[in-house]
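Source: prediction; values computed, not measured.
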Amino acid sequence: MQLYYRALPRDGRLPGHCSMDVPDDLLGKRVIDVLCRKGKGAYQLSDFTGDKGFVLGVDPDASFVDAASACAAGNHWSGEQWQRYLRFEVGCPEDLSEAGVRDGSFDVAYVNSAINCVFDLALALAECARCLPPDGYLWVAQGVFRNADAPSVGAAASGSVLGNVFLRAVSLEQFEGLCLRVGFRSVEVLSRAVIVPDGDDARETCGASEYFQATVRVRR
């Protein structure tokens, strides 16, 4: 598993369209940012959780965690006081306990676009469910899904396409089934739009209209 995560793109950005689509009820909440990379999203999430909330950024890559921590004072609204509201830890999405995450200890699990880049999607979803209380939710910000009848490359993607959110995309039906299987109770699609694969490897492999981008709330 660690070998897989070490092979993901090193520039901090995973292939695919990515934007900060944030729920409107984060004030005062405890949020875990899964696959936070170099921390840009976690800094922004902390703007929304405010001085009563807390954000934990988790990434398997220790160098990204170190970089996110090193730059936090210059990117967080509280400056040098950032550690009161924000922390970064090393951990895989499939085992958030590596980062010290206890059962039911976060209100929201947040994944920005990179949900398809986890090594084991079912196990990662189960871990997100474990870290949430009964009224918590997983928020997938602009995740990429494929149409149900489109071919899937899935785990066969390797080499230069490793970690590409298009080539590892599942259908929304598959995603919902996995979520319900691991303990979530509902999957709500909040937005949906057809999206054209970006990146040379994705364009060579994927059809331009076979994928869509969605923001999804998955309730515990």
Side-chain angles (χ1 to χ4, degrees), residues 12 18-60 64-115 118 124-143 175-176 179-180 182-192 213-220:
C18 180
S19 63
M20 284 296 295
D21 193 352
V22 178
D24 59 8
D25 62 348
L26 293 186
L27 187 64
K29 296 282 180 63
R30 290 180 58 83
V31 179
I32 180 168
D33 183 11
V34 181
L35 277 178
C36 69
R37 308 296 274 174
K38 294 182 180 179
K40 180 180 177 181
Y43 302 146
Q44 295 185 54
L45 286 170
S46 195
D47 290 341
F48 291 92
T49 56
D51 61 359
K52 302 297 184 185
F54 187 83
V55 176
L56 173 65
V58 178
D59 198 273
F64 286 167
V65 168
D66 290 343
S69 298
C71 296
N75 287 279
H76 191 266
W77 55 268
S78 70
E80 296 295 337
Q81 302 298 313
W82 67 273
Q83 292 185 61
R84 296 175 56 186
Y85 313 103
L86 174 66
R87 190 171 82 250
F88 295 97
E89 296 286 351
V90 176
C92 292
E94 295 82 1
D95 186 7
L96 296 172
S97 66
E98 294 178 331
V101 179
R102 302 185 307 277
D103 294 1
S105 56
F106 284 85
D107 303 301
V108 179
Y110 184 94
V111 186
N112 190 9
S113 178
I115 191 72
V118 301
L125 290 171
E127 271 295 272
C128 287
R130 181 188 66 80
C131 78
L132 297 170
D135 57 346
Y137 63 87
L138 164 66
W139 182 276
V140 179
Q142 309 230 346
F175 179 76
E176 181 175 10
C179 289
L180 297 177
V182 302
F184 288 101
R185 61 182 170 88
S186 67
V187 178
E188 178 185 10
V189 179
L190 301 174
S191 69
R192 175 171 172 161
Q213 189 176 67
T215 294
V216 183
R217 189 198 309 263
V218 187
R219 294 192 182 275
R220 181 76 168 89

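Residues meeting the side-chain contact (heavy atoms from CB on, under 4.5 Å) test with E188, sequence neighbours left out: L190, R217, R219. For S78, the side chain to side chain donor-acceptor pair (under 3.5 Å) test picks out H76, with sequence neighbours left out. Every residue two or more places apart in sequence or in another chain was checked for a ring pair (Phe, Tyr, Trp, His ring centres under 6.0 Å) with Y137, and none qualifies. When the side chain to side chain donor-acceptor pair (under 3.5 Å) test is applied to E176, no partner is found at least two apart in sequence or on another chain. For D24, there are no salt bridge (Lys or Arg N to Asp or Glu O under 4.0 Å) partners at least two apart in sequence or on another chain. The ring pair (Phe, Tyr, Trp, His ring centres under 6.0 Å) search around F175 returns F145, not counting sequence neighbours. With sequence neighbours left out, the side-chain contact (heavy atoms from CB on, under 4.5 Å) criterion links V22 to M20, L26, L45, F48, Y110. The side-chain contact (heavy atoms from CB on, under 4.5 Å) search around A68 returns Y43, F88, not counting sequence neighbours. A129 meets the side-chain contact (heavy atoms from CB on, under 4.5 Å) test with F184, R220; sequence neighbours excluded. In this view, R87 and E89 satisfy the side chain to side chain donor-acceptor pair (under 3.5 Å) rule, not counting sequence neighbours.
The two residues V34 and P93 have their closest heavy-atom pair at CG1-CB, 3.8 Å. Between A72 and W82, the shortest heavy-atom contact is CB-CD2, 3.3 Å. Considering all non-hydrogen atoms of both residues, I115 and V111 come closest at N-CG1, 3.5 Å. Between V58 and A99, the closest heavy-atom pair is CG2-CB, 3.9 Å. Taking both residues in full, the closest heavy atoms of L35 and P60 are given as CD2-CD, 3.6 Å, listed atom of the first, atom of the second, then distance. Considering every non-hydrogen atom in both V187 and C179, the closest pair reads CG2-CB, 3.9 Å.
In this structure, T49 OG1 and K29 NZ are separated by 10.5 Å, a value rounded to the nearest 0.5 Å. Between the CZ atom of F54 and the CG atom of L86 there is a distance of 6.5 Å, given to the nearest 0.5 Å. Taken from CG in D66 to NZ in K38, the straight-line distance is 12.0 Å, to the nearest 0.5 Å. To the nearest 0.5 Å, atom CZ of residue R30 and atom CG of residue L56 are 8.0 Å apart. We find the CG-CD distance between N112 and Q44 to be 8.5 Å, quoted to the nearest 0.5 Å. Note that the CG atom of D21 and the CD atom of Q142 stand 5.0 Å from one another [nearest 0.5 Å].
The salt bridge (charged side-chain N to carboxylate O under 4.0 Å, His left out) pairs that include a residue from residues 40-57 number zero, where partners must be two or more places apart or lie in different chains. Contacts classified as salt bridge (charged side-chain N to carboxylate O under 4.0 Å, His left out) and involving residues 95-112 (residues at least two apart or in different chains) are given here: D103-R130.
At least one donor-acceptor pair closer than 3.5 Å links the side chain of S69 to the backbone N or O of V65.
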For this session: Let me see the working for V90 and F64 under side chain to side chain contact (heavy atoms under 4.5 Å, CB included), right down to the final yes or no.
Result: CA-CA 9 Å; V90 176; F64 286 167; over 6 Å; no

